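A quick write-up on the structure given underneath.
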Amino acid sequence: MPDMRVIRIATTCRACSRGFSSRLFSRLLPTCLIILGLALSAQGSRPAHATTAAEATDPIAQAASKIESQLILWRRDIHQHPELGFQEHRTAALVANHLRNLQFDEVLTGIGETGVVGILHGKLPGPVVALRADMDALPVLEQTGLEFASTATANWQGQQVPVMHACGHDAHVAILMGAASVLSQRRDTLAGTVMFIFQPAEEGSDHGGGAEAMLADGLFDQHKPGAIFALHVVPAERGSLHYRSGPTAASADTFRVDMQGQGTHGAMPWGGSDSLSAAAQAVLGIQSIISRRIDITRAPAIISVGSFHAGNRHNIVPSNATLTGTIRTFDAEVRSRIHQLIEDVASGAASSYGVTATTTIERGYPVLVNDPSLGQKMLPTLQRLAGAQLHEADRMTGAEDFAFYAQQVPGMYIGLGAMPPGKLLFNHAPDFTIDESSLKVGVVVLSQLALDFLALPGQ
Ligand SMILES: [Zn+2]
Ligand SMILES: [Zn+2]
């Protein structure tokens, strides 16, 4: 399980301007996804995913079609029984039983708390390839009206909350279970090993995300894959695929600035030092960093202040003010530069009002980089499978902890269009749902990517 990590806590004291470090505040809940840009890229294409001539003759597509009703049953069952991050006990048991029934060579449970890993060795020698699905749901009250809608609740941050698969991870689990079925049937001709990773807590938790937890438990120690693939359902034309090479999802860091001044009467502000005004100036300065201090031709970035707390009465200058926010970047150097600038701006604002600023930055998920070389090799597979429904994805300003795997091995993360016809639904919304005909497409995509990777020369 990953430790909470501190990047930088810099305090500038009005007396000595000295910096020091200490432990950080609570970990942010990173938002996976929100591949909203993808929805835009898919407008105006073919109206629906229909069975093509290629599908009718392709053995993988045929195998996926054969298990479609089972995919839908799995997805509905998981949807009706959603579990929050690191609480995916029922889902993990369902997955592990399925892999054991398929007579996988290894089925490991409890990896990264509730994660499951299945190892499928082909009869022929070859490289290792990994496929990943995330299993966790969100604290959202479902409002889909589906007959298999969730009524589940769970404890989250000390509160009882409703739970819903509002990000489509129910579909991801069903798809990867389906790929396990399809690929296990081809074991005799499989040249290499397929690692199936069912990870917990992609949406994060109070102690980090599931990818880090699985890696910390030695996920890649025994079998280091030559590539890892994952897909995420997105609000785009069902059956469409969305991919971009290079930086794809943003890093997501949290910052907090605490201004410590001296409270006084609002009618006599000169009697103290005004933390509120310093914090207000810091908000404007921090949100101007991107437009004034960052070379945005290198990579885009975002800083948003999300909370500001100070004072409790109209005629008291408050002693303390606190603001928090999020930082999204697509480049490691830009990320570091922004961290430094937030600290500098907060310190400058503080000193101009004679107060003390303490800046705390917590690193969340890193930039998700789709390996360009792997992408080049696998693009023909995506083109063959999706044809005109293959789109270049926009960057996602949401974060995705697949980034941690992609830091260790070449990774490829793809959006799978799963929007019901005539609807525009967004992940994390209470009415989010998917078109279930996209499930078998997902099975074909993951299965075929694995097979084609294993068949690449020189692996
Ligand atoms: Zn999500
Ligand atoms: Zn998600």
Side-chain angles (χ1 to χ4, degrees), residues 27-39 75 78-79 82-88 91 112 114-115 131-144 150 154 156 161-176 197-206 208-214 228-236 241-243 248-252 326 328 364-366 368 370 393-406 411-419 425-435 438-439 442 445-446:
R27 191 174 256 274
L28 206 217
L29 179 74
T31 54
C32 93
L33 113 111
I34 329 299
I35 314 170
L36 303 182
L38 299 177
R75 183 259 165 170
I78 298 163
H79 188 89
E83 297 167 299
L84 294 178
F86 294 122
Q87 299 177 22
E88 307 95 332
T91 311
T114 47
L131 304 175
R132 173 272 211 168
D134 38 15
M135 302 190 290
D136 56 319
L138 287 160
V140 172
L141 178 62
E142 178 157 356
Q143 294 172 16
T144 60
S150 165
W156 187 65
V161 294
V163 185
M164 174 192 173
H165 267 296
C167 201
H169 299 185
D170 48 343
H172 303 168
V173 176
I175 287 169
L176 194 52
I197 301 168
F198 293 87
Q199 80 151 72
E202 188 285 324
E203 304 282 2
S205 75
D206 57 1
E212 273 184 296
M214 293 192 82
I228 183 167
F229 300 97
L231 50 76
H232 201 300
V233 292
V234 297
L241 299 181
H242 306 263
Y243 166 77
T248 296
S251 62
T326 188
R328 307 296 168 116
Y365 295 168
L368 163 55
N370 273 335
D394 293 333
R395 290 184 185 87
M396 302 181 289
T397 51
E400 160 61 73
D401 74 351
F402 184 79
F404 287 109
Y405 306 119
M412 189 177 199
Y413 181 84
I414 302 155
L416 169 65
M419 189 166 61
L425 303 173
F426 294 107
N427 303 62
H428 291 208
D431 61 346
F432 177 78
T433 189
I434 62 157
D435 188 303
S438 61
L439 296 174
V445 171
L446 287 185

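Whatever order the structure lists ligands and atoms in, that order sets their numbers, starting from 1. The model shown is predicted, which means the values in this text are computed figures rather than measured ones.
Here His169 contributes NE2 and His232 contributes NE2, and at the Zn ion (ligand 2) these two atoms make an angle of 120°, given to 10°. The Zn ion (ligand 1) lies at the vertex of an angle of 100° between the OE2 atom of Glu203 and the NE2 atom of His428 (rounded to 10°).
Taking the six-membered ring where the residue is Trp, Phe404 and Tyr365 present perpendicular rings, their angle passing 60° and hence far from 30°. Below 30°, between 30° and 60°, or above 60°: for His172 and His232 the angle between ring planes is above 60°, a perpendicular geometry.
Considering all non-hydrogen atoms of both residues, Ser438 and Leu416 come closest at O-CD2, 3.6 Å.
At least one N, O or S atom of Cys167, from either the backbone or the side chain, sits less than 2.8 Å from the Zn ion (ligand 1).
Taking the charged nitrogens against the carboxylate oxygens, Glu400 and Arg328 have no contact shorter than 4.0 Å, which rules out a salt bridge.
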